[in-house]
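Beneath this line is the structure, given in structure tokens, with notes to follow.
Sequential numbering from 1 along the given sequence is applied to the chain's residues.
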Amino acid sequence: MPLPGEDWVACPRCRTALVRVVRGGIPRPSCPRCGFVFFANPGVGAACVIRDAAGRVLLVRRAPGQFGAGRWCFPCGFVEWGEDVRAAAAREAREEAGVEVVIGEVVQVASNFHEPEKPTIGVWFAARLADPAARPVAGDDAVAADWFEPAAPPPLAFPTDAALLARRARGLASAGAPRARAEPRASAHAAP
């Protein structure tokens, strides 16, 4: 599959004819006049893994016209330009499920290739309802919102959501479960 920008012939800044210059092992559309270089980067998405007191997770059903229409996913969406990724996750919970949340720690970071022409990087955050009595209401690009047991989800839209729930069902991902004690943080330079 060709990378975005491979069919570009003119610089989007100064309209000079583009040349291909190898950077990072990939020939990239580059402008010899103004120095513009096009890097095909994936979009960034943010999602909330919201659990209720019974340990169920909140999922939303995707509306027609959306990828995976009719299937379910965690409240999620793209991070807007200039928006903090945590704020984006909270916004998506509000827009898609009608709930205000308190964002917690990162549960999962993954590359999404379910749409090969539109790859993304997803960041899933543990979250809890700001008001435990709040009732989810579908909105934005969701047609339903409901609570599900992590081990028995409905048909899911995204393979990365399915992988996260499978790990959760096996007890490998906390997805925001309360901890009895704080765990030490790994160094940013530590090997995974």
Exercise. With a 4.0 Å cut-off, would you call Arg20 and Glu6 a salt bridge?
Worked result: no
Problem set entry | Test item: Arg86 side-chain N/O and Gly104 main-chain N/O as donor-acceptor pair under 3.5 Å | yes
Seminar exercise, completed: From the list Ile50, Leu165, Leu164, Asp52, side-chain contact (heavy atoms from CB on, under 4.5 Å) with Val57 holds only for Leu165
Exercise. Under 3.5 Å, is there a donor-acceptor pair between the side chain of Asn112 and the main chain of His114?
Worked result: no
For this session: Answer yes or no: is there a side-chain heavy-atom contact under 4.5 Å between Trp147 and Pro136?
Result: yes
Exercise. Is Glu95 reaching over with its side chain to a backbone N or O of Glu92, donor-acceptor style, under 3.5 angstrom?
Worked result: no
Exercise. Would a line drawn from the ring center of Phe67 to the ring center of Phe158 be shorter than 6.0 Å?
Worked result: yes
Exercise. Do side-chain atoms of Gln108 reach the backbone of Asp161 as a donor and acceptor pair under 3.5 angstrom?
Worked result: no
Problem set entry | N/O donor-acceptor pair under 3.5 Å between Arg62 side chain and Gly68 backbone | no
Exercise. Any sub-3.5 Å donor-acceptor pair from Arg56's side-chain atoms to Arg51's backbone N or O?
Worked result: no
Problem set entry | Trp72 side chain to Asp146 side chain, donor-acceptor N/O pair below 3.5 angstrom | no
For this session: Please answer whether the main-chain N or O of Ala88 pairs with a side-chain N or O of Glu80 as donor and acceptor at a distance below 3.5 Å.
Result: no
Problem set entry | Pairwise side-chain contact, Arg23 with Val37, heavy-atom cut-off 4.5 Å (strictly under) | yes
